[in-house]
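To start, the structure itself, in structure tokens.
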Amino acid sequence: MIKARFIFRCVCLVLTFAFGLCRRASAQAPAAPPLLLGTAWYPEQWPESRWEADLALMQQAGVHMVRVGEFAWSRMEPEEGHYDLDWLDRAITAAGKHNIYTVIGTPTAAPPAWLTQKYPETLRMEQDGQRAQHGNRQQFNWANPKYRDFARKIAEQLAKRFGHNAYVLGWQIDNEYAAVSFDPETKAQFQDWVKARYGTLDNLNARWTTAYWSESYSAWNQIPIQVGYGNPGLLLSWMRFVSDTWRSYQKNQLDVLRANSDAQKFITTNTMGWFDGYDHYTVEQDLDLAAWDDYVGEGHLDPVRNGATHDLTRGFKQKNFWVIETQPGSVNWADINNSLDKGEVRAMAWHDVGHGADAVSYWQWRSALNGQEQYHGTLVGSDGAPVPLYSEVAQVGKEFEKAGPALAGTSVKSEVAILHSYDSRWAIQWQKHNNKYNPQDEIVSYYGPLRAIAQSVDIVPPTATLNHYKLVVAPGLNVLSDAAAKNLIAYVEQGGNLVLGQRTGMKDDDNSLQPQRQPGPLADLLGGRVEQYYALTGPVPIQGTWGTGECPLWAELLSAKDSGTEVLMRYGKSNGWLDGQPAAISRKVGEGRITYIGAWLDPKTMAAAAKWMTEQSGVKPAFGPVPSGVEVSPRYGVHGVVYVLINFADGPQTVKLPGEMTDVLEGGTKRSVTLAKYGVAVVSAAR
Ligand code: GAL
């Protein structure tokens with residue numbers, strides 16, 4: 001009897017152990033590759049019997065990641081409180097069998113019809129008082145508590161079900177935050193927000209100068225919502241409220257995702273490049289990873305502009321990021337939806353990686369047979385068979401597999417930083433003063449020539465740590481908070497080289513004019529200031545240290561008050577006021593230097609200015625000379641550096657390497673590489 005009981009216990013133990021092993025085995029998966037090729041897959045749009053064929057084609061193309069679910073709410077919760085995630089579980093498992101990992105999108109950008117019909121207050125209201133309707137996406141009200149309840153519950157269901165699934169890499173919350181609501185409840189929330197920020201109406205009235213046009217408020221509920229044209233303090237407050245509300249909208253889901261997931265699963269959202277509908281630095285602070293949707297639209301890839309957008313996105317978390325959506329050839333929403341040229345999609349994927357992307361994911365795998373985006377580019381056609389681009393993407397897949405080990409753990413490091421702030425871009429956009437003045441173009445006008453020289457540039461907010469940069473450039477930093485001003489002053493005093501671009505340092509943190517002329521709190525350090533600004537109807541000649549050129553649309557008349565402040569550039573003959581006056585001034589401060597450029601410079605003069613800036617600050621090219629049209633991007637790791645070289649010039653170009661390097665894609669060592677148009681080489685050198 002005792003023996004029988006002993007045997008029974010042993011059998012139980014063995015079974016428990018074996019079962020435990022099995023459970024652990026099913027929860028395990030090999031590590032995901034360091035460089036991921038992905039695609040947006042919508043299994044809910046297809047019969048399950050088709051999934052296997054799709055996944056096999058993906059695997060054949062080297063796809064190792066699918067993003068799923070971000071618009072599938074009506075499938076996940078077909079009725080209020082009735083969740084069906086079994087199909088998604090089966091899709092994730094099926095993908096895993098093909099070594100394909102999943103990123104799950106929470107489906108909250110597309111609420112089901114039953115939800116908004118039963119709770120119409122969850123629909124956002126347009127400025128004209130009309131509620132959005134079901135039938136498109138982004139019809140929800142991001143500030144509405146009821147909507148947030150539903151959003152949290154569906155996110156929680158997903159997290160509880162998949163938060164420990166080894167084939168799930170992470171989460172994307174919602175999809176491209178953008179549309180806001182102007183309903184009365186949101187307005188009341190905004191008024192509460194304003195009250196929390198300003199404390200008293202006297203304070204608010206003073207900071208917004210509401211004595212102007214009889215705008216004074218005697219009760220918080222008098223405060224309106226204004227967009228586009230209005231009191232600058234009110235406009236900025238609304239955008240900050242919008243940003244904070246996106247942050248709390250996101251946090252509502254993020255908290256339940258985090259609470260129910262393995263720690264290593266990342267949480268991200270997909271942003272849209274320079275889109276300025278909210279302050280991304282506010283919203284990104286709670287996320288683990290920055291990810292953006294990189295679409296060229298009409299025309300062809302502009303590596304300078306697109307590179308700047310990568311660097312902007314990398315600056316959100318100041319680390320590697322994902323291109324979580326990109327176009328497979330063409331889009332469906334531009335004026336002319338031309339396809340990228342043969343070879344250009346591959347070049348673009350490597351350009352993404354060069355700037356710090358660790359994943360490139362095509363939107364989308366296959367078009368839904370019906371729905372609004374039937375004409376968008378895909379990797380397989382409506383018949384389920386590969387389109388011509390598939391083989392080019394498959395080449396990228398194979399190359400990512402090959403280059404993954406060399407790129408694993410590498411990241412971008414730059415000696416140059418460009419400062420960027422949403423407050424400043426908004427402030428300029430609301431009062432452009434010259435309708436051709438585009439703050440984003442201003443940033444890119446500096447970025448382009450600096451990137452060409454330094455071969456790597458960071459774009460970061462003005463309160464970022466700056467000590468490790470040799471050169472910091474702040475174009476159009478119109479709104480300068482006290483904290484940012486302190487940061488910049490400390491940077492210069494500690495030996496940094498700071499260059500301020502036109503329109504910098506004009507406003508304070510409430511979008512009020514600074515009581516000192518530009519650059520406001522930095523004027524003393526500069527030993528000079530802006531006497532007057534002029535919107536130009538035509539180019540003004542300019543000359544000095546950076547040669548002769550033109551100032552096309554904006555000119556600030558500068559003065560150098562301090563004896564140590566040098567004049568670098570002067571205006572030529574123009575409106576009389578500017579004639580012969582300083583256009584760029586500079587002052588050495590101990591080991592550091594502060595420079596102010598008051599003129600929007602033409603590209604040639606800007607290139608000379610960039611050369612001067614880098615020479616002054618000791619910035620060195622990360623790689624060395626490359627022929628015109630070739631983009632080089634370094635990524636650094638503990639073992640050495642990997643350079644991505646891409647030829648965007650029309651004809652072939654030969655790049656002489658600075659030493660003998662390993663050819664990561666082709667194998668062997670090289671001293672030079674010759675690249676056809678859109679040709680790519682990935683070379684590495686040990687440290
Ligand atoms: C993105 C969006 C995708 C898809 C794509 C088409 O903005 O996130 O869902 O619509 O555009 O280009």
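Sequential numbering from 1 along the given sequence is applied to the chain's residues. Just follow the structure's listing: the first ligand is 1, and inside any ligand the first atom is 1. Please read all numbers here as calculations on a predicted model, not as lab measurements. Because only heavy atoms are used, hydrogens play no part in the values below, and waters and symmetry mates are left out as well, while side chains stay in.
Considering every non-hydrogen atom in both Asn144 and Thr122, the closest pair reads OD1-CG2, 3.4 Å. Scanning all heavy atoms of the two residues, the minimum distance from Ala110 to Arg137 falls at CB-CB, 4.4 Å.
Side-chain rings of Tyr249 and Phe140 approach one another, their centers coming within less than 6.0 Å. Ring to ring, His376 and Trp333 are not that close: their centroids are 6.0 angstrom or more apart. For Phe316 and Phe321, the gap between ring centers reaches or exceeds 6.0 Å. Trp426 and Tyr278 have their aromatic ring centers separated by at least 6.0 angstrom.
Within ligand 1, counting atoms from 1 as listed, the ones closer than 4.0 Å to a heavy atom of Phe71 are 9 (O). Each of the atoms 8 (O) of ligand 1 lies under 4.0 Å from some heavy atom of Asp293.
Of all the listed residues (Glu176, His376, Glu70, Gln327), Glu176 holds the heavy atom that lies closest to atom 7 (O) of ligand 1.
Proximity of Arg137 to ligand 1, defined as any heavy-atom pair under 4.0 Å, is confined to the side chain (atoms from C-beta onward). Contacts with ligand 1 closer than 4.0 Å are made by no heavy atom of Gln364, backbone or side chain. The side chain of Glu373, and not its backbone, has at least one atom closer than 4.0 Å to an atom of ligand 1 (non-hydrogen atoms only; side chain from C-beta on).
Given atom 5 (C) of ligand 1, the protein heavy atom at minimum distance is Tyr295 OH, 3.4 Å. Scanning the protein heavy atoms around atom 3 (C) of ligand 1, the nearest turns out to be Glu325 OE1, 3.3 Å.
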